[in-house]
Amino acid sequence: MSLTILAAVLSACSIFQKPSTASFQAMDTVMSLTVYGGEADICRDLQSRINRLDSLLDATDENSEIYRLNNEKTAVLSEDTARILRASLDLCGELDGSFDITVYPAVKTWGFTTGDYRVPNENELSQLASRVDHTAVAQDGDTFSLPEGAMIDLGAAAKGYAADVCTDILKDSSADGAVLNLGGTICLYGQKSGGRFQVGIADPENPAGYFGTLSCGACVISTSGGYERFFELDGRRYIHILDPKTAAPVGNEILSVTVCVRPDTDSLPGTRADALSTALFVMGIDEATDYYLQHKDFDFVILTKDGRLYLTGGIYDDFSLSDGYTFTLYKI
Ligand code: AMP
Ligand code: MG
């Protein structure tokens, strides 16, 4: 699956010397790391930490901790798995109704885990929706339990959490700056003295191209789009982002949501950016706008199917539309 939806280029690279780089497959996507300054083996450290997270969190991997929890219903989790699970449960509470990690039985039934796609009937859908309930996940220290019938999937926040873990590693290193493209989630690290990071936002109709560019400082940027994984049947497109209330793929006016969270606003900014991009997609433009106006501790770029582009005030002036695109811009 190709999930590389954003690419980042570092402007004024010359202020740093000899970047270390790595490119590899993890979390179902291609990742590429560029670190300026820092120890010679910094990219190897980051890569092995991401691979370790992948093997803990992948709900489809029989050896992962999440698979064990889903199948045995009680599991003692390692520090990383417990940390992302706690953070995800908090986000489920905050984003109640639009983000729910217990939507996994529905994700499986629609075939998004295997590619064996099918459309469940109404009866199945209401059964699946009744199994969605993040409040039923119980925790006692690092021991977590699920009720019969419940299963979780951290796929909507895992790359964001990986960005947070990588940021911790970078902080402990002598690195000056970094661009970590984790496939849909970009971690921009470091103080820039000579320039800002330029991040292209993928065109959902042609994900190899960019409809626009954001100029930003250190932050985590996460994009969710139906184009990342979907199937089509009888002229209808079914995307991998589900509405937890109906257990069905979201079919609203949105094509893609990009969220930017700055490091000083949250202890796990990447996890929040990743969860928010999924959740705002489910909310739709009106509810997403209301949510933003209530919080204002993040920014978004939302593209609709009819070419409207909504940008929040914190990034409106940092965005430039690529040549050839005629979207109508709205400032929120
Ligand atoms: P993302 O690409 O970050 O938007 O995450 C989408 C993935 O998260 C899907 O492939 C599902 O595995 C899972 N997912 C889908 N819908 C939701 C939802 N509403 N809340 C939480 N996880 C979801
Ligand atoms: Mg997400």
Side-chain angles (χ1 to χ4, degrees), residues 1-6 27-29 54 57-61 64 66-67 70 84-85 87-115 117 128-129 131-134 137 150-164 182-187 202 204 207 220-231 238-252 254-261 268-284 287-288 291 298 300 302:
M1 180 183 58
S2 167
L3 255 179
T4 311
I5 47 182
L6 289 172
M27 297 186 172
D28 257 344
T29 189
D54 194 8
L57 305 179
D58 182 354
T60 65
D61 176 352
S64 80
I66 295 301
Y67 185 94
N70 282 339
I84 179 178
L85 180 46
S88 298
L89 287 170
D90 287 348
L91 286 157
C92 288
E94 181 188 327
L95 298 161
D96 201 21
S98 57
F99 182 78
D100 199 312
I101 57 173
T102 61
V103 80
Y104 191 53
V107 174
K108 278 182 78 166
T109 303
W110 281 91
F112 289 110
T113 49
T114 56
Y117 299 117
L128 287 166
R131 288 166 71 182
V132 179
D133 180 10
H134 63 89
V137 180
M151 286 196 199
I152 62 162
D153 165 25
L154 301 176
K159 283 177 275 174
Y161 181 70
D164 291 328
L182 309 182
T185 295
I186 303 252
C187 177
V220 182
I221 297 182
S222 179
T223 295
S224 287
Y227 62 93
E228 292 165 11
R229 194 181 301 183
F230 64 87
F231 69 98
Y238 299 92
I239 68 167
H240 70 128
I241 299 170
L242 306 190
D243 184 338
K245 294 184 221 57
T246 60
V250 174
N252 62 22
I254 291 180
L255 270 186
S256 80
V257 176
T258 297
V259 169
C260 171
V261 177
L268 291 173
T271 309
R272 181 164 163 80
D274 199 348
L276 270 176
S277 66
T278 309
L280 298 184
F281 199 113
V282 176
M283 288 180 195
E287 214 187 305
Y291 185 85
F298 65 95
F300 70 60
I302 297 182

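Every number for a ligand or one of its atoms is a count from 1 in the order of the listing. Treat the numbers as computed from the prediction; the structure is a model and nothing was measured.
- A salt bridge links Asp28 to Arg229: one of the charged nitrogens lies within less than 4.0 Å of a carboxylate oxygen.
- Counting heavy atoms closer than 4.0 Å to ligand 1, residue Asp100 contributes backbone atoms (N, CA, C, O) but none from C-beta onward.
- To the nearest 0.5 Å, atom OG of residue Ser277 and atom CZ of residue Phe300 are 12.5 Å apart.
- Residues Val103 and Asp153 have side chains not in contact (no heavy-atom distance under 4.5 Å, counting atoms from C-beta outward).
- Counting only distances under 2.8 Å, and ignoring water, the protein N, O or S atoms around the Mg ion (ligand 2) are Ala156 O, Asp274 O, Asp274 OD1, Thr278 OG1.
- A donor-acceptor contact under 3.5 angstrom links the side chains of Asp164 and Thr271, judged on distance only.
- Here the side chain of Trp110 pairs a donor or acceptor atom with the backbone of Ala247 at under 3.5 angstrom.
- With contacts defined as side-chain heavy-atom distances shorter than 4.5 Å, the pair Phe281/Asn252 qualifies.
- At a heavy-atom cutoff of 4.0 Å, ligand 1 is contacted by no atom of Lys159, backbone or side chain.
- Remark: ligand 1 and Ser277 share no N or O pair separated by less than 3.5 Å (distance only, no angle test).
- Annotation for ligand 1: atoms under 4.0 Å from non-hydrogen atoms of Ser224 are 1 (P), 3 (O), 4 (O).
- Taking every heavy atom of Pro244 and a limit of under 4.0 angstrom, the matching atoms of ligand 1 come to 19 (N).
- Atoms of ligand 1 found under 4.0 Å from any heavy atom of Asp153, numbered from 1 in the order shown, are 11 (C), 12 (O), 13 (C).
- Near Phe99, with a cut-off below 4.0 Å to any heavy atom, the atoms of ligand 1 are 20 (N), 21 (C).
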Starting from the C-alpha separation in whole Å, work towards a yes-or-no answer on side chain to side chain contact (heavy atoms under 4.5 Å, CB included) for Cys260 and Phe298. CA-CA 6 Å; Cys260 171; Phe298 65 95; over 6 Å; no
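- The shortest N or O to N or O distance between Ala157 and ligand 1 is not below 3.5 Å.
- Every N/O-N/O distance between Arg229 and ligand 1 stays at or above 3.5 Å.
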Tyr104/Thr113 under side chain to side chain contact (heavy atoms under 4.5 Å, CB included): CA gap, chis, key distance, verdict: CA-CA 9 Å; Tyr104 191 53; Thr113 49; 3.6 Å; yes
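- Listed by chain and residue number, nothing satisfies the ring-ring contact (aromatic ring centres under 6.0 Å, His included) test with Phe230 (two or more places apart in sequence, or in another chain).
- Ring geometry for Tyr238 against Phe231 counts as parallel: the plane angle stays under 30°, on a 0 to 90° scale with 60° as the upper cut.
- Every heavy atom of Gly225 sits 4.0 Å or more from the atoms of ligand 1.
- Each of the atoms 3 (O) of ligand 1 lies under 4.0 Å from some heavy atom of Asp274.
- Distances below 4.0 Å separate heavy atoms of Glu228 from the following atoms of ligand 1: 2 (O).
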